[in-house]
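The figures that follow rest on heavy atoms only: side chains count, while hydrogens, waters and symmetry mates do not. From a predicted model like this one, the values you see are computed outputs, not experimental measurements. Numbering of ligands and ligand atoms starts at 1, following listing order.
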Amino acid sequence: MTRVITFGTFDIFHVGHLNILKRAAEYGDYLIVGVSTDALNFSKKQRYPVCPQNSRAEIVDALACVDHVFYEESLELKRQYIIDHKADFLVMGDDWQGKFDEFSDICKVVYLPRTPSISTTELIEIVKER
Ligand code: C2G
C-alpha cells in the first residue's frame, strides 16, 4: 500500500484545498493529512485561524479522499511525522516549492500547482468588503 502525507491549515475550507487533497490522494492508496493546530498558526502568524482546529480537522476527515487526520503541532516535527506515518510521498502545493526537499532521503517529495485565484486570505478580504 502506498501512503501519502500532506500538511495544511485548511482554514475556511475552499476548492483549492479540495483540489490539492484529491490530487495528493492520486499518488497512493492511503492519504494522511496533518492539520496545523491553532497554536502552531499563532506562533507562525501571530493570529489564530478563523475556524478552530477541531472544525478544520473534522471537515478534512469527512472527505472521501482522506483516510487519516492528525494535528501538526510543530513545523520542526515534519520528519518525525513522515516517519511515524510511514509515508512514501509528501505532497504539498507549490507555494512550498523546494522547502521540503530535505525529506527526499525518506520519501518522494512532490509539489503540485496551486489552484489559481482562491485563498483563505482573499476570501477574508472579499467578505470584509461586502
Ligand atoms: N492550496 C492550493 N491552492 C490554493 C490554496 C491552497 O493548492 N488556492 C494548497 C496549499 O499549497 C497547501 C494546502 O492547500 O498545500 C493547504 O494550504 P493552507 O491551508 O494555506 O496551508 P498552509 O498554511 O500552507 O500550511 O507544515 C506546513 C503547513 O501546515 C502548511
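Proximity annotation for atom 17 (O) of ligand 1: of His17, Arg23, His14, His17 comes nearest, heavy atoms only.
The shortest N/O to N/O separation between Trp96 and ligand 1 falls below 3.5 Å. Polar contact check, Glu72 against ligand 1: a nitrogen or oxygen pair lies under 3.5 Å apart. In terms of polar-atom proximity, Asp95 is counted as a contact of ligand 1, with an N or O under 3.5 Å from an N or O of the ligand. Between Phe10 and ligand 1, at least one N/O pair is under 3.5 Å apart. At least one N/O-N/O distance between Thr115 and ligand 1 falls below 3.5 Å. Looking at ligand 1, you'll find an N or O of Thr9 within less than 3.5 Å of one of its N or O atoms. The shortest N/O to N/O separation between Ile118 and ligand 1 falls below 3.5 Å.
Using a cutoff of 4.0 Å between basic side-chain nitrogens and carboxylate oxygens, Arg56 and Asp38 are scored as salt-bridged.
The residue from Asp61, Val66, Asp67 that alone fulfils the side-chain contact (heavy atoms from CB on, under 4.5 Å) condition with Leu63 is Val66. Tested against Thr115, the residues Arg23, His17, His14 include a single side-chain contact (heavy atoms from CB on, under 4.5 Å) partner, Arg23.
For atom 26 (O) of ligand 1, a protein non-hydrogen atom is found at a distance below 4.0 Å.
Side chain of Tyr111 to main chain of Phe100: a donor-acceptor pair is present (N/O by atom type, distance under 3.5 Å, no hydrogens or angles). The backbone N or O of Val50 lies less than 3.5 Å from a partner atom in the side chain of Asp11, making a donor-acceptor pair.
Protein heavy atom in closest approach to atom 13 (C) of ligand 1: Ile20 CG2, 3.9 Å. Ranking protein heavy atoms by distance to atom 15 (O) of ligand 1, first place goes to Gly93 N, 3.0 Å. Looking at atom 7 (O) of ligand 1, its nearest protein heavy atom turns out to be Arg114 CA, 3.5 Å.
Taking the six-membered ring where tryptophan is involved, the planes of His85 and Phe70 are essentially parallel, since the angle between them stays under 30° and well short of 60°.
Distance check: Tyr81 OH to Glu72 CD gives 6.0 Å after rounding to the nearest 0.5 Å. Remark: Thr2 OG1 to Asp88 CG distance equals 5.5 Å, nearest 0.5 Å. From Leu90, atom CG reaches atom CH2 of Trp96 across 11.0 Å, with rounding to the nearest 0.5 Å.
Each of the atoms 26 (O), 27 (C) of ligand 1 lies under 4.0 Å from some heavy atom of Lys78.
Contacts with ligand 1 closer than 4.0 Å are made by side-chain heavy atoms of Leu75 only, the backbone lying farther away.
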